[in-house]
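Reading through the structure tokens given below for one structure.
The basis for the numbers below is simple: all heavy atoms, side chains too, and nothing from hydrogens, waters or symmetry mates.
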Amino acid sequence: MSLRLVVTGTDTGIGKTVFAAGLTAALGASYWKPVQSGLEEETDSETVARLARLPAERVIPEAWRLRTPASPHLAAELDGVAIDPDALTPPDVAGPLVIEGAGGLLVPLTRRVLTVDVFARWGLPVVLVARTALGTINHTLLSLEALRARDVSVAGVALVGEEHADNASAIAEFSGAPVLGRLPILPELTPERLAEAFAAGFDLSSLAR
């Protein structure tokens, strides 16, 4: 079976989608965002398609597209729709697949089901995206504990931001999870610059094992 990875984050707005674009391009993968909240601005699928230069057939349509930029459970209620978590199943595609979750692990999809509960059902390895800045050790270790409490395989931690070597080493030492690398904040975010920074910042060899 081809490599399938779930990309999640310690929080929202930390660069998870940009990392997912870099990962998708580097792996030559398809991309799927199961639930998209907020449609007025560029969606995550559109951002990844642009930054990874994906053809349309490698961008899998979202299962739910919600107008309100809020937690999926609330956005769905405001839209008058009901998300069925059991209907969320990774698509069968040729080649690698990158799946990007909504926000962090404990984001509610419904009033009863958290995002991480769906990840646990899938049984796929997860890459956790985290900031490099102050507070990241706490947020990252808590997120890793949430994954391990549900027996979710952790493929590694990907850091985004300025270099803070001690934060990276502390996360690795306390958690035992591999730190895959770091993506700097790019002043000019283009497909070319992202590909260069991703290749320089990450060693993906462990993901193929």
Side-chain angles (χ1 to χ4, degrees), residues 3-33 42 44-45 47-54 96-107 115-116 119 124-148 152-209:
L3 179 65
R4 298 191 295 173
L5 292 169
V6 175
V7 174
T8 189
T10 58
D11 201 352
T12 190
I14 61 170
K16 173 168 58 69
T17 299
V18 175
F19 170 82
L23 180 64
T24 301
L27 295 176
S30 296
Y31 170 87
W32 185 44
K33 175 87 174 188
E42 186 177 55
D44 290 345
S45 292
T47 298
V48 170
R50 174 173 57 84
L51 291 176
R53 289 183 167 163
L54 294 182
L97 174 66
V98 171
I99 303 171
E100 183 185 354
L105 288 164
L106 301 189
V107 167
T115 298
V116 69
F119 295 167
L124 299 177
V126 168
V127 175
L128 178 66
V129 181
R131 295 184 178 93
T132 59
L134 184 67
T136 191
I137 297 174
N138 178 68
H139 287 89
T140 304
L141 295 181
L142 284 171
S143 295
L144 291 169
E145 285 197 6
L147 289 167
R148 286 170 173 160
V152 177
S153 174
V154 177
V157 176
L159 298 172
V160 177
E162 296 181 2
E163 185 175 10
H164 290 277
D166 188 70
N167 285 349
S169 61
I171 289 168
E173 289 165 6
F174 280 104
S175 71
V179 174
L180 302 174
R182 179 181 65 89
L183 184 67
I185 302 299
L186 300 174
E188 184 182 2
L189 186 53
T190 64
E192 295 80 9
R193 292 295 177 87
L194 177 59
E196 291 172 4
F198 200 92
F202 290 97
D203 178 8
L204 302 181
S205 59
S206 64
L207 297 181
R209 294 201 293 267

Beyond-backbone contact of Val152 with Leu105, side-chain heavy atoms, under 4.5 angstrom: no
Validation row: Val160, Val18 side chains within 4.5 angstrom (heavy atoms): no
Any Leu194 side-chain heavy atom under 4.5 Å of Leu183 side chain: yes
Those residues that, when tested against Arg131, pass salt bridge (charged side-chain N to carboxylate O under 4.0 Å, His left out) (two or more places apart): Asp11
Check: Val107 main-chain N/O paired with Thr115 side-chain donor or acceptor under 3.5 Å: yes
Lys16 and Val7, any side-chain heavy atoms less than 4.5 Å apart: yes
Sub-4.5 Å side-chain heavy-atom contact between Leu128 and Val154: no
Arg4 side, atom CZ; Ile99 side, atom CD1 - distance, nearest 0.5 Å: 6.5 Å
Rounded distance (nearest 0.5 Å) linking atom CD1 of Ile171 with atom CG of Leu141: 6.5 Å
Student check: side-chain heavy atoms of Arg148 and Ser175 closer than 4.5 Å: yes
Within-4.5 Å side-chain heavy-atom neighbours: Leu204 and Phe198: yes
Neighbour count above 12 (heavy atom, 6.0 Å) for Glu42 CD: yes
Spatial distance of atom CG (Leu51) from atom CZ (Arg193) [nearest 0.5 Å]: 13.5 Å
Partner residues of Asn167 under the side chain to side chain contact (heavy atoms under 4.5 Å, CB included) criterion, sequence neighbours left out: Thr136, Ile137, His164
Which residues share a salt bridge (charged side-chain N to carboxylate O under 4.0 Å, His left out) with Lys33, sequence neighbours left out: Asp44, Glu100
Smallest separation among heavy atoms of Ala155 and Pro125, with atom names: CB-CB, 4.1 Å
Nearest non-hydrogen partners of Leu147 and Val126, listed with the distance: CD1-CG1, 4.1 Å
More than 12 heavy atoms from other groups under 6.0 Å of CZ on Arg50: yes
Nearest non-hydrogen partners of Val127 and Ala158, listed with the distance: CG1-CB, 4.1 Å
Distance-minimising heavy-atom pair for Ala177 and Val157: CB-CG2, 4.3 Å
Interatomic spacing from CG in Asp166 to OG1 in Thr132 - rounded to 0.5 Å: 12.5 Å
Check: Thr140 main-chain N/O paired with Thr10 side-chain donor or acceptor under 3.5 Å: no
Heavy-atom closest pair, residues Ala197 and Leu186: CB-CD2, 3.8 Å
Heavy-atom pair with the smallest gap, counting every atom of Ala168 and Leu159: CB-CD1, 3.6 Å
